[in-house]
4 protein chains.
Amino acid sequence: MGESIALSVPANPKQARSKKTKEKIVQAAIQLFRQRGYEKTTSNDIASEAGVSVGSFYVYFTDKRQLLLTIFDRLADELYKNIFDGLKPEHLFDSNLRRRIKQAVANTIIDKQKHSGLHRVVSELLLKDADFAARHKAVMVRSIAKLQELISLADKAGLTWNIDVEAAAFIVQRVVFDVSQDYVTGCCEFDKERAIEALADMIYRFVFKPRD
Amino acid sequence: MGESIALSVPANPKQARSKKTKEKIVQAAIQLFRQRGYEKTTSNDIASEAGVSVGSFYVYFTDKRQLLLTIFDRLADELYKNIFDGLKPEHLFDSNLRRRIKQAVANTIIDKQKHSGLHRVVSELLLKDADFAARHKAVMVRSIAKLQELISLADKAGLTWNIDVEAAAFIVQRVVFDVSQDYVTGCCEFDKERAIEALADMIYRFVFKPRD
Amino acid sequence: MGESIALSVPANPKQARSKKTKEKIVQAAIQLFRQRGYEKTTSNDIASEAGVSVGSFYVYFTDKRQLLLTIFDRLADELYKNIFDGLKPEHLFDSNLRRRIKQAVANTIIDKQKHSGLHRVVSELLLKDADFAARHKAVMVRSIAKLQELISLADKAGLTWNIDVEAAAFIVQRVVFDVSQDYVTGCCEFDKERAIEALADMIYRFVFKPRD
Amino acid sequence: MGESIALSVPANPKQARSKKTKEKIVQAAIQLFRQRGYEKTTSNDIASEAGVSVGSFYVYFTDKRQLLLTIFDRLADELYKNIFDGLKPEHLFDSNLRRRIKQAVANTIIDKQKHSGLHRVVSELLLKDADFAARHKAVMVRSIAKLQELISLADKAGLTWNIDVEAAAFIVQRVVFDVSQDYVTGCCEFDKERAIEALADMIYRFVFKPRD
DNA sequence: GATGAATGAGCGTTCATTCAT
DNA sequence: GATGAATGAACGCTCATTCAT
């Protein structure tokens, strides 16, 4: 068809080139950040790895930090969705709630690992960069609030132990995110499948009374 | 006694002065690391804060990194003791096991907070420095092994659910250390007392069957 | 007439377009130089302000410097005319010679102020660029020669004190150009009208004997 | 004498070395600024010319600009003194007032030439750096005020023409400083002695009525 | 001719480290 | 041992200029 020909000949070939270059830089950055961390990766390194000049780097990004800040927001959104899309209020009454919890835990770990290099780098900045820390905190607070909503519902439905709902939401969120992060930092190695199982068990037994 | 004489009149006054200088440097480093983090603290800053010359700094330490490595080892040992000194095999059969667990959790958080600045700094390096990462991992592995020993005992005594002992040890250790670390990085703020309570509950319910 | 046809239908429309593009660049350069000075105006800025590509900039000008050099020549010619068109040998015997002098002084100051931004920029380069300095010097020398011619005539006609004609020409030229430049650089602020009056008085009393 | 021995063995040889290094940098800066101007002289160039490392440059000066700012203040003070130390109110009634004026003019030119390279460089910055411009303006204003004081006195004593005292002070100051600056920028070359003579004549005839 | 993405030498600056005193 | 002036490699970043389209 004529249309497919039109698609294969982009309106503006220059913009396509730009996009490609930008992507080359992003990919090079991800790779180097993964290998060396944020600080030890220089903008010259990134450009060189991407096969472009330093000048090009600064055409597309104001600096190293801004590159990462942008990526961070994307990551955070994706992660949030991956976790909570499979964890709706109605699921609380499912017979397979436990499996759902396990799935949410697994999703968190899997998602973090998928972008392992970036999560490492982000956490490197979290400790030094107030902006990163603030954004990260906001994401955590949002997740905790979401969990609290769910647990609170379960609580009202008499599904849970007599617990401190706020504290439970806080702890559960921390526990899942932190262990996921551990798999990212590589600070410990334990069979992922068994760890997920244990984590899900722990959360389930902590919050919910045994059913039937 | 000869010993007390030796202590009050050091055989070598120079060595005493050395030790004092070294300690001044360490203390200055701790203070500055706490305030500014590792990267933003220069060796000149440390020397200047300690009231010694940069030259002296390099007499006692090969570099900034080695100084931190030393500090790290001290920290790790102290933390390990604080946690496990109150958690012996015999405690498993105590009626107040739960309180013991809570105490161990509290100890971890308190200890980390006591040296909050340093833990931050160490975690800054963990992500970039293989040596730090390795030492840190070793400490984690050691803690996990210790926990596994305890849980295994409990398991054999029929105190626990039918659980994956290894996975449980791993998860419990991660959970406690990570949440403690969260209080260090300031990534989230929740009333410590309630968090400790929740964490202890979670661990207890996860591992142990309800008693009578 | 053929001429009017030629004007309304240019032989080569491309050349007309070229000229227009070139002029757009020149105007953009003038505006930006005025606002930011020479160094702080990049060639990318100029092209962008002119609404053309950097590439086009380099089609019409070898570089930023050459652009300014062109502008400089225009400026210098215009200034020279403004001053000396009202100062002819025959005016020396006019009864209103003093008014003529005042007018020449005023013209110099007014002309410089009209292109104030550009004169600033030119003087920025004068100190660093030998070519600019040389051209500027040539203009000065030409002005001094013109003045010397006039003063020499007056001298021969017995209108002046017994003065060093060459030195007088030199000083008078410097004085007028320099004070004009002061109003350009904004290094001092004094009511222009009174300054012009004073300057004219000074020159008149210096060179000419009182008349009648 | 013991004292001379003490003097030849400075209390702190390190401070002497520092001072020497700093001076080497200043001298190198002056030389290079002279040759290439401010912008074209890099801090690396200065360090290299001074035979020290870039690091040393930044030990003694926060940056290139601060180096020049410091020097500027010194220059300005010295110049002010050189001019006005020989031009006191009482001199107005001297029979050799004209010689005094000539001397002040000569001092200005000579002083500027003595530090010719620096004055060039300062004037380079005057056009781009608000701080420099402001400081320079302040010096000019101070000089004009001083001159106005003198001319005003002469005016009250009936020594002058019926002139606009403020305008006269302004113009005289500008004229002298600007012509001096011309000798610094090298924008014109005329025998200095004759130029000074002419300038002094001009000022004298402009302000003062002929004396007997 | 016109475009604008790409270039890369070179800038100002920092700081871990050395070494003459 | 102690000092601190000196070092210089290496960083992040700019911008005049080129050249494939």
For [N], does either OP1 or OP2 sit under 4.0 Å from a side-chain N or O belonging to [X]?
{"X": "A:Tyr60", "N": "E:dA5", "result": "no"}
{"X": "C:Thr21", "N": "E:dG1", "result": "no"}
{"X": "C:Ser18", "N": "E:dG1", "result": "yes"}

Return the [atom1] to [atom2] distance between [X] and [Y], rounded to the nearest 0.5 Å.
{"X": "A:Asp129", "Y": "A:Glu124", "atom1": "CG", "atom2": "CD", "value": "11.0 Å"}
{"X": "C:Lys64", "Y": "C:Glu39", "atom1": "NZ", "atom2": "CD", "value": "5.5 Å"}
{"X": "C:Leu127", "Y": "C:His136", "atom1": "CG", "atom2": "NE2", "value": "10.0 Å"}
{"X": "B:Arg120", "Y": "A:Lys128", "atom1": "CZ", "atom2": "NZ", "value": "10.5 Å"}

Write down the distance between [atom1] ([X]) and [atom2] ([N]), rounded to a whole number of angstrom.
{"X": "D:Gln66", "N": "E:dG12", "atom1": "CD", "atom2": "P", "value": "15 Å"}
{"X": "D:Lys22", "N": "F:dG4", "atom1": "NZ", "atom2": "P", "value": "17 Å"}
{"X": "A:Asp45", "N": "F:dA9", "atom1": "CG", "atom2": "P", "value": "18 Å"}
{"X": "C:Ile25", "N": "F:dA16", "atom1": "CD1", "atom2": "C1'", "value": "15 Å"}
{"X": "A:Ile46", "N": "F:dC13", "atom1": "CD1", "atom2": "P", "value": "10 Å"}

- Message: Suppose we screen for side-chain contact (heavy atoms from CB on, under 4.5 Å). Which residues come up paired with A:Leu68, at least two apart in sequence or across chains?
- Response: A:Phe33, A:Tyr38, A:Val121, A:Val122, A:Leu125, A:Phe132
- Query: Between D:Ala28 and D:Glu49, what is the shortest heavy-atom contact and its length?
  - Reply: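 Reported closest heavy-atom pair: CB-CG, 3.7 Å.
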- Looking across every strand, which nucleic acid part, if any, lies under 4.0 Å from D:Phe61 by heavy atom: base, sugar-phosphate, or nothing? nothing
- Item | Given DNA chain E, 5'-ward residue of the pair C:Gly51 and A:Val52, judged by closest heavy atom | C:Gly51
- Message: Counting runs of three or more consecutive pairs, Watson-Crick or G-U wobble, with each distance below 3.5 Å, where are the stems of DNA chain F?
- Response: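 Stems (3+ consecutive pairs) listed as E:2-21 with F:2-21.
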- Check whether more than 12 heavy atoms from other residues, nucleotides or ligands sit under 6.0 Å from atom CZ of D:Arg65, and answer yes or no. yes
- Item | Candidate nucleotides F:dA2, F:dA6, E:dA2, ranked by approach to the side chain of C:Ser53 - the nearest |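 So the side chain of C:Ser53 is nearest to E:dA2.
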- Query: Taking the side chain from C:Ser56 and the backbone from C:Val52, do they hold a donor-acceptor pair closer than 3.5 Å?
  - Reply: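 Side chain of C:Ser56 to backbone of C:Val52, a donor-acceptor pair under 3.5 Å: no, none is there.
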- Item | Side chain B:Thr62, main chain B:Tyr58, donor-acceptor under 3.5 Å |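 Looks like no, no N/O pair under 3.5 Å.
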- Query: Which parts of nucleotides 13-19 of chain E does protein reach within less than 4.0 Å, heavy atoms only, written one letter per nucleotide 5' to 3' as B for base, S for sugar-phosphate only and - for none?
  - Reply: BBBBBB-
